[in-house]
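Just below is one structure, and these are the notes that go with it.
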Amino acid sequence: VHPAAWTWENIAAMRAELQRMGLSLDWSREFATCDPAYYGQQQKLFLDLLRAGLAERRDAWVNWDPVDGTVLANEQVIDGRGWRSGAPVEKKRLSQWFLKITNYAPDLLAALDRLDRWPERVRVMQEKWIGRSEGARLGFALDTPTDGIGRVEVYTTRPDTLFGMSFLAMAPEHPLAASVAARDPAAAAFVAECRSMGTSEAVIEAAEKKGFDTGLRVRHPFLADVSYPVWIANFVLMEYGTGAIFGCPAHDQRDLEFARKYGLSVVPVVLPPGEDAAAFAVGDEAYVGPGTIINSGFLDRLDVDAAKRAAIDALARQGVGAGVTNWRLRDWGVSRQRYWGCPIPVIHCAACGVVPVPDEQLPVVLPDDVTFDRPGNPLDHHPSWKHVRCPRCDRAATRETDTFDTFVDSSWYFARFCSPHAAEPVARAAARHWMAVDQYIGGIEHAILHLLYARFFTRALRDTGHLDVTEPFAGLFTQGMVTHESYRGADGQWRYPAEVERRADGSVVDRATGEAVSVGRVEKMSKSRRNTVDPDAIIARYGADTPRWFILSDNPPERDMEWTEAGAAGAFRFVQRVYRLAEALAGDGRDDADIMPASFSPAARTLRRATHRAIAAVTEALEEFAFNVAVARLYELANAVADAEREPAGGEGMAWARREAVDGLARLVSPMMPHLAEEMHARLHPGAALLVAELPWPEAEPSLLAAEAVTVAVQVMGKLRGTIEMPPDAPAAMVLAAAEAEPHVAGLLQGKRIVKRIHVPNRIVNFVVAG
RNA sequence: GCCCGCCUGGCGGAACGGUAGACGCAGCGGACUUAAAAUUCGCGGCCAAUGGCGUGGGGGUUCGAGUCCCCCGGCGGGCACCA
């Protein structure tokens, strides 16, 4: 299926589903990122970034499948082999477009503190990802310069441990490693082995640590007559720091494992507090804590922090190094060698170099007539699309055939929603009105990449004159996923939940054949596991409110929820129950004009208190996004109405109190079950002018929130020994006296001396006793 | 390997450092019914039960810990080309 047909069909299906669920969305603002009307604006943005120096082209390593002749995503590399061809994957260097997110690293970090409506854990993850560190950059002089390379630059956060050095290690992609490999076949073989490892950091860091001794040696910056071996090591990342490190095994775990494996020396230079310098040795664990410097010449007797400063000063004086701030964050590679994406709007000209597509030629539209019969990017072998004239010199030139990472599409769509049909990317006045997004919602899997890219893009759009805000999302909520049991038949094939049946004896069988089906894990709904349920079938059976209610009621929204048939049926029962309550009152002929009775029977007062406590509790729970708690409070209110039904009829004011309760139920349930709420409202208030959706949110009557009595727990030595009933806010002396008099407690206090009395008003009393 | 979370009855979960298990699901028992469904009422942490033990395990802080701190275990998210 052509990606365009597939995509538009899915959009239509999703749109219909969202509408059937009754979600209140402004469909006049709908757009699709695969529509040239959107990605054409994105191309304009990119050219602005290019002019502002926020986009540039440089070489980067990619996973290359030599058989399929295509770039592979990390996900497509399985155990070092291409997922389709099975061929060993190689790292290959390609020229790629990058967006300079690192320009904003300090601000992206500093501004995290002000995102006070973001989850703490997301902010922590971003902080670590940006990874600011203070350290030193220093050059190690090579004994024998190679190919004009006389020094190896190293970044370290531990310049205090320089005297504990036992080797220098560089990444396999390091230029010096390439020089060595060019003349040493063994080195070349090692580099090639590393190159077969793929580009993912998880794979590199989890791999067995291996190295190759180049035979080269470097001089210690502080010890003129001492030199160290230079290794190529598979765990050194070219992307971080300078692509080379000095190894200090005594105080770095990875260096220690490497040194033990290759028999390199381990010299402790930081003495932990309380240890004896003569006796201290490093075993299987590197010592990374604080301490006093030893075995380190002029750094001896300093503490770690002072030694860092002293070492940096010395390096600077010698002109071989300096203190620097380093960032873990790397620039964002946005080039993809794929068809289905937004074309990168530049033209490559042999004479003029990279030339931006002129504004009047935008959008650069993705061609529809492509073939997928050959490996590689279809745009590359399209017969005509890439052949154009250079906008500058009019000679034959070629279009860029890379498309953007789809993360680019999602990095500014929220701004486009402010003015979805504007002729420019973002209408500034509209953006000023709507931005920032008050409440953004997404899965935790977006904690770093998407949310960081969006924060970067917002800054870049601000600096290129499109936006006035710096942060895109004022509030962030990370919701869980919908999960379901999975089922597999005897034939090993997955079965859809609709295809299986749970029998009374608990066994699960195939509906069609009656054969036993094995029940697998509860996991994220996915087509491949066939553990999905069809929303249309649910809506047809229960209406839209039942799934809405069930999804909200099952668990806190930040956790995954498990869809079960029993849970859906339970939610449906509640829908029916609440509706019956409204229907029972539909014909009673009363309405809002009814005058509130002058007094209420005890039972009616109890119901009124339940109503107003529910209003307060549901309001609070909704504001905290504790939807499952709001649901529980609404069950309690429904139960309170049922309890009141059982009271003998004719209790003073009961009819009024019951109406108030059911009316409150309709109003409180409305954000979660809007259709039910309106049905109830129409029956309770025939001919009402306004919908529930148009009415103000109910407010609790404060006088009805206070309890008539509170139960105070009484503890002796922190253990619960009894409870007493007290008027609310009773004086401490009265509560303590009553607590001491409680029969069981009094028995326990007999013959003991009370050392301390703790009283927490309306909650607890605790007696601490002696003897 | 590194970063970040999570762990409470049969299950989902509730609980400003203050009576652990609200509320629901499933289960069991009763009512209603010729019967079933539906509805409705009630009962459910564990144990050698006037007491003791219980929030993944072990320690600590506190009058008091599910909640705070340290260590360990298990599970999950991310690791830059899945998006």
Side-chain angles (χ1 to χ4, degrees), chain A residues 60-63 71-77 96 101 119-129 131 198-209 235 239 253-254 257 328-338 405-407 409-410 443-450 452-453 478 480-481 522 550 553-556 558-562 564 566-571 573-574 576-577 580 617 626 628-636 638-639 642 645-646 711-723 744 747 755-769:
Chain A
W61 294 97
V62 295
N63 300 308
V71 176
L72 297 177
N74 285 334
E75 192 188 50
Q76 299 167 328
V77 180
Q96 311 258 292
I101 188 172
E120 174 71 11
R121 67 159 156 158
V122 173
R123 288 187 283 158
V124 171
M125 280 193 263
Q126 291 216 348
E127 180 190 330
K128 306 267 180 174
W129 185 262
T199 59
S200 123
E201 195 174 310
V203 169
I204 293 169
E205 293 220 24
E208 187 195 350
K209 286 163 194 41
F235 64 89
E239 288 83 9
Q253 192 59 34
R254 283 194 306 194
E257 284 163 27
R328 209 184 76 95
L329 184 65
R330 308 202 298 258
D331 279 330
W332 174 15
V334 292
S335 286
R336 298 291 180 273
Q337 295 69 41
R338 307 200 185 282
D405 178 2
T406 55
F407 266 129
D409 304 336
S410 57
I444 189 64
E445 70 274 18
H446 293 303
I448 294 174
L449 294 182
H450 163 62
L452 199 56
Y453 292 151
T478 56
M481 294 175 297
V522 173
F550 176 40
S553 68
D554 193 52
N555 60 358
E558 65 271 20
R559 294 201 203 165
D560 288 351
M561 75 93 51
E562 185 189 350
T564 61
R573 275 200 298 276
F574 185 71
Q576 299 299 315
R577 202 177 137 201
R580 277 195 304 271
N628 57 324
V629 178
V631 164
R633 299 296 163 249
L634 287 166
Y635 271 104
E636 283 171 352
N639 290 344
E645 302 282 334
R646 284 205 301 285
T711 305
V712 175
V714 184
Q715 298 182 336
V716 178
M717 298 298 283
K719 285 196 187 291
L720 180 70
R721 299 303 178 184
T723 59
H744 192 191
V755 181
K756 200 170 178 184
R757 296 174 169 82
I758 287 144
H759 173 231
V760 180
N762 299 326
R763 289 212 174 260
I764 208 163
V765 167
N766 186 15
F767 294 111
V768 184
V769 298

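Reckoned from all heavy atoms, side chains included, excluding hydrogens, waters and symmetry mates. Lettering of chains follows the sequences in order, A, B, ..., and the numbering in each one begins at 1.
Considering only residues two or more places apart in sequence or on other chains, Leu72(A) meets the side chain to side chain contact (heavy atoms under 4.5 Å, CB included) condition with Asn63(A), Asp65(A), Thr70(A), Gln76(A), Val77(A), Trp83(A), Val89(A). A search for ring pair (Phe, Tyr, Trp, His ring centres under 6.0 Å) contacts involving His744(A) returns nothing, not counting sequence neighbours. Annotation: salt bridge (Lys or Arg N to Asp or Glu O under 4.0 Å) contacts of Asp409(A) (sequence neighbours excluded): none. Checked against side chain to side chain contact (heavy atoms under 4.5 Å, CB included), Arg330(A) has the following partners two or more places apart in sequence or in another chain: Glu201(A), Glu239(A). Partners of Ile444(A) according to the side chain to side chain contact (heavy atoms under 4.5 Å, CB included) rule, which considers only residues two or more places apart in sequence or in another chain, are Arg121(A), Val122(A), Met125(A), Ala447(A), Thr478(A). Judged as a salt bridge (Lys or Arg N to Asp or Glu O under 4.0 Å), and not counting sequence neighbours, the contacts of Glu205(A) are Arg254(A). Remark: Arg336(A) engages Arg338(A), Thr403(A), Asp405(A) in a side chain to side chain contact (heavy atoms under 4.5 Å, CB included) (not counting sequence neighbours).
With contacts defined as side-chain heavy-atom distances shorter than 4.5 Å, the pair Val714(A)/Phe767(A) qualifies.
Nucleic acid contact class of Val768(A) (heavy atoms, under 4.0 Å, all strands): sugar-phosphate only. Within the 4.0 angstrom heavy-atom criterion, base atoms lie near Asn766(A). Within 4.0 Å (heavy atoms only), Arg721(A) reaches sugar-phosphate atoms of the nucleic acid but no base atom. Residue Glu636(A) is classed as a sugar-phosphate contact, given heavy-atom separations below 4.0 Å to backbone atoms only. When heavy atoms are screened at a 4.0 angstrom cut-off, Val760(A) is found touching base atoms of the nucleic acid. When heavy atoms are screened at a 4.0 angstrom cut-off, Arg254(A) is found touching no nucleic acid atom at all.
Counting 5' to 3', RNA chain B first comes under 4.0 angstrom of a heavy atom of chain A and last does so at the ends given by G1(B) to A83(B).
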Checklist entry - Pairs counted as Watson-Crick or G-U wobble with both distances under 3.5 Å: what dot-bracket string results for RNA chain B, using | for bases tied to another strand? => result (((((((..(((.....[....))).(((((.......))))).(((...)))..(((((..]....))))))))))))....

